[in-house]
Amino acid sequence: MKQLKIGLLGLGQVGSGVYSILNSKGTELARKCGTRLLISKIAVRNTSKRRLVAPKRSLITTSALSIVRDPELDVVVELIGGIHPAKELILAALRSGKDVVTANKALLAEHGRDLFREAQRCGRTLLFEASVGGGIPIIKATREGLAANRIRSIHSIINGTSNYVLTKMASSHVDFKEALSMAQKKGYAEANPKLDLEGIDSAHKLTLLSSLVFGGWVRFQDVFVTGISSIRSEDVSFAEEFGYTIKLLAIAKKTRSGIEAHVRPTLLPKSHVLSNVNGSYNAILMHGDEVGDILFYGRGAGSLPTGSAVVSDLIDLARMKREGLKLPAPLHLNRLHVRNVSVLESRFYLRFHVVDQPGVLARISRILGGRHVSISDVIQKERKIGGVVPLILLTHKAPERSVLRAVQAIDRLSIAKGKTQVFWIEES
Ligand code: NDP
Ligand code: HSE
């Protein structure tokens with residue numbers, strides 16, 4: 001039987017998942033793809049670390065470079081993360097004639113154009129199923145299953161860690177710090193969890209998904225990003241009173257004026273299909289011109305779900321090699337125009353902290369009205385913390401720019417204490 005010799009870079013959460021799947025299902029997978037998937041070398045930083053799996057010592061090295069240069073290997077699987085040295089290692093692997101599989105969305109979103117161009121130049125394949133949506137086979141589904149469609153929009157929850165934190169805050173009333181530490185223990189978080197919490201990881205994934213479905217390259221720098229670290233438990237409760245859930249949503253749309261792409265805490269009606277996506281689960285709701293709405297749902301992070309996506313790429317590679325085929329380039333690399341979000345319109349949630357005195361609501365509504373922002377709902381709470389009460393307004397649809405300018409003016413008033421919380425509301 002044919003063999004696909006694999007060099008694995010990294011034996012952390014995802015690397016262990018890949019090792020464990022190949023180790024436990026070797027014979028079954030070999031039957032499926034007619035090729036034995038063989039891990040021949042593994043690179044780690046620290047050889048004496050305790051791990052989730054226990055490969056033979058002889059497979060392990062600390063020299064990732066020796067793996068990418070090894071002429072005996074067919075494929076390099078990059079699972080070390082980060083930009084450097086991952087980028088240089090992938091380039092070296094491609095240049096030495098190897099196909100590459102990676103889960104590294106940060107690297108692909110920020111340097112993907114260089115890497116895909118180099119793969120093309122070298123006549124090699126660069127696969128990245130695990131880089132978006134963990135175990136959800138979203139790359140294959142959009143590239144193949146939705147190929148007949150023009151995708152109009154993506155509404156997605158694509159960061160398991162932040163979704164886990166928000167779910168814990170809403171359901172178990174666990175505080176932010178504790179929820180994050182639980183997500184880290186479960187292996188969902190990035191080495192630097194700020195990437196998860198500040199929305200950057202979601203923006204990396206949205207960059208890749210949008211580039212895949214909108215027929216050009218969306219630059220990561222053009223995606224607007226706000227994370228979840230400013231969300232307070234009181235916001236979760238107030239949103240609930242109005243009938244909404246707060247989720248970190250990654251949204252992209254293709255319009256006549258360009259691409260809209262933004263990641264931010266968003267209020268969703270409780271009846272919305274994405275409102276009930278909890279814990280480390282991810283979901284991607286797309287709208288295609290032929291298929292209509294289509295929803296993908298599954299575990300978005302963790303060792304085995306992500307390992308499952310990496311192994312699916314290895315199986316594709318093995319089958320292609322056996323048949324002497326090549327996958328076409330998955331992405332168009334011409335740059336797409338992305339609109340500035342401040343011109344976009346939405347309803348908004350505004351949470352002020354104001355002094356409890358007559359006339360406050362009138363002053364705030366006058367400033368909003370002056371910017372043509374009209375109010376649809378109000379809650380004012382009695383509980384005073386240091387003489388200050390929360391005042392929560394929902395607006396009708398208005399341009400974000402007008403809302404932010406009004407809020408800046410209100411925050412300068414002596415009645416306003418602290419920075420106002422502004423969240424986007426997505427109704428459909
Ligand atoms: P981990 O931090 O758990 O593992 C990283 C591994 O890479 C470790 O085994 C580390 O070695 C090794 N490593 C780091 N630098 C080097 C180097 N220079 N040379 C050799 N080995 C090195 O990360 P994850 O497994 O969580 O993530 C890996 C990639 O997968 C990242 O790109 C991440 O964004 C992505 N990803 C992660 C998911 C998840 O759920 N965790 C889901 C989807 C994608 P050592 O163990 O000795 O320190
Ligand atoms: N840190 C990422 C997350 C891993 O929490 O979604 C999966 O890409």
Side-chain angles (χ1 to χ4, degrees), residues 7-20 41-53 55 60-68 76-90 101-110 128-136 138-139 156-167 179-180 182-206 208-209 227-228 248 250 263 277 279-284 298-310 313:
L8 189 59
L9 309 184
L11 195 63
Q13 288 297 330
V14 185
S16 300
V18 172
Y19 180 88
S20 160
K41 289 269 171 64
I42 303 172
V44 296
R45 249 177 329 207
N46 173 0
T47 51
S48 37
K49 199 166 172 179
R50 274 170 66 95
R51 299 187 184 277
L52 300 167
V53 291
I60 295 184
T61 170
T62 53
S63 169
L65 204 56
S66 71
I67 292 188
V68 300
V76 165
V77 178
E78 183 278 308
L79 300 172
I80 65 179
I83 308 295
H84 305 291
K87 181 176 180 183
E88 292 71 20
L89 290 167
I90 291 180
V101 173
T102 181
N104 193 335
K105 55 271 164 145
L107 177 60
L108 291 181
E110 294 183 32
F128 53 103
E129 185 60 71
S131 64
V132 183
I136 305 172
I138 188 68
I139 306 293
S156 58
I157 294 173
I158 42 181
N159 183 266
T161 302
S162 52
N163 201 45
Y164 182 90
V165 169
L166 289 177
T167 305
L180 171 62
M182 290 160 83
Q184 285 175 307
K185 281 194 192 114
K186 287 177 178 286
Y188 304 149
E190 296 301 304
N192 173 4
K194 271 194 176 168
L195 295 179
D196 298 297
L197 303 176
E198 298 309 327
I200 298 162
D201 178 72
S202 294
H204 285 146
K205 292 165 177 165
L206 190 65
L208 293 175
L209 260 190
I228 64 166
L248 182 66
V263 173
V277 174
S280 72
Y281 278 88
N282 280 195
I284 300 144
R299 286 200 187 275
S303 182
L304 291 171
T306 315
S308 144
V310 172
D313 277 345

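For this chain, numbers begin at 1 and follow the sequence in order. In each ligand, atom 1 is the first atom listed, and ligand 1 is the first ligand listed. Note that the structure is a prediction, hence the values are computed from the model and not measured. Just the heavy atoms: all of them, side chains too, but no hydrogens, waters or symmetry mates, feed the values below.
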Separation of L52 CG from Q13 CD (nearest 0.5 Å):
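So the gap between those two atoms works out to 5.5 Å.
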For the atom pair CD1 (I158) and CD1 (I138), what is the distance rounded to the nearest 0.5 Å?
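Atom-to-atom, I158:CD1 and I138:CD1 are 9.5 Å apart.
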Expected output: side-chain N163 to main-chain L248 donor-acceptor under 3.5 Å
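Side chain of N163 to backbone of L248: no pair is present.
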Side-chain heavy atoms of T61 within contact of S66, under 4.5 Å
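In short, these two side chains touch, coming nearer than 4.5 Å.
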Heavy-atom side-chain contact between V263 and N159 under 4.5 Å
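Contact flag for V263/N159 side chains = no.
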Would you say K186 has more than 12 foreign heavy atoms packed within less than 6.0 Å of its NZ?
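12 or below, so no.
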Below 3.5 Å only, please: the N or O atoms of ligand 1 paired with protein N or O atoms, distance on each line.
unit_1	atom_1	unit_2	atom_2	d
ligand 1	3 (O)	Q13	N	3.0
ligand 1	9 (O)	L11	N	2.9
ligand 1	9 (O)	G12	N	3.0
ligand 1	11 (O)	R45	N	3.2
ligand 1	25 (O)	Q13	N	3.1
ligand 1	25 (O)	V14	N	2.8
ligand 1	34 (O)	K105	NZ	3.2
ligand 1	34 (O)	E190	OE1	2.7
ligand 1	34 (O)	E190	OE2	3.4
ligand 1	40 (O)	G302	N	2.7
ligand 1	41 (N)	G187	O	3.2
ligand 1	46 (O)	K49	NZ	3.1
ligand 1	46 (O)	R51	NH1	2.8
ligand 1	46 (O)	R51	NH2	3.3
ligand 1	47 (O)	R45	N	3.0
ligand 1	47 (O)	N46	N	2.8
ligand 1	47 (O)	R51	NH2	2.9
ligand 1	48 (O)	R45	NE	3.3
ligand 1	48 (O)	R45	NH2	3.1
ligand 1	48 (O)	K49	NZ	2.8

Taking only residues two or more places apart in sequence, or in another chain, which ones meet S131 in a side-chain contact (heavy atoms from CB on, under 4.5 Å)?
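Per chain and number, S131 pairs via side-chain contact (heavy atoms from CB on, under 4.5 Å) with K105, L108, F128, L208.
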Give the C-alpha distance, both sets of side-chain angles, the deciding distance and a yes or no for side chain to side chain contact (heavy atoms under 4.5 Å, CB included) between V310 and V77.
CA-CA 8 Å; V310 172; V77 178; 3.7 Å; yes
Within the protein, residues bringing a heavy atom under 4.0 Å of ligand 2, chain by chain:
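These residues qualify: K105, N159, G160, T161, Y188, A189, E190, D196, D201, K205, G300, A301.
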Set of side-chain hydrogen bond (donor to acceptor under 3.5 Å, both in side chains) partners for S156, sequence neighbours left out:
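None.
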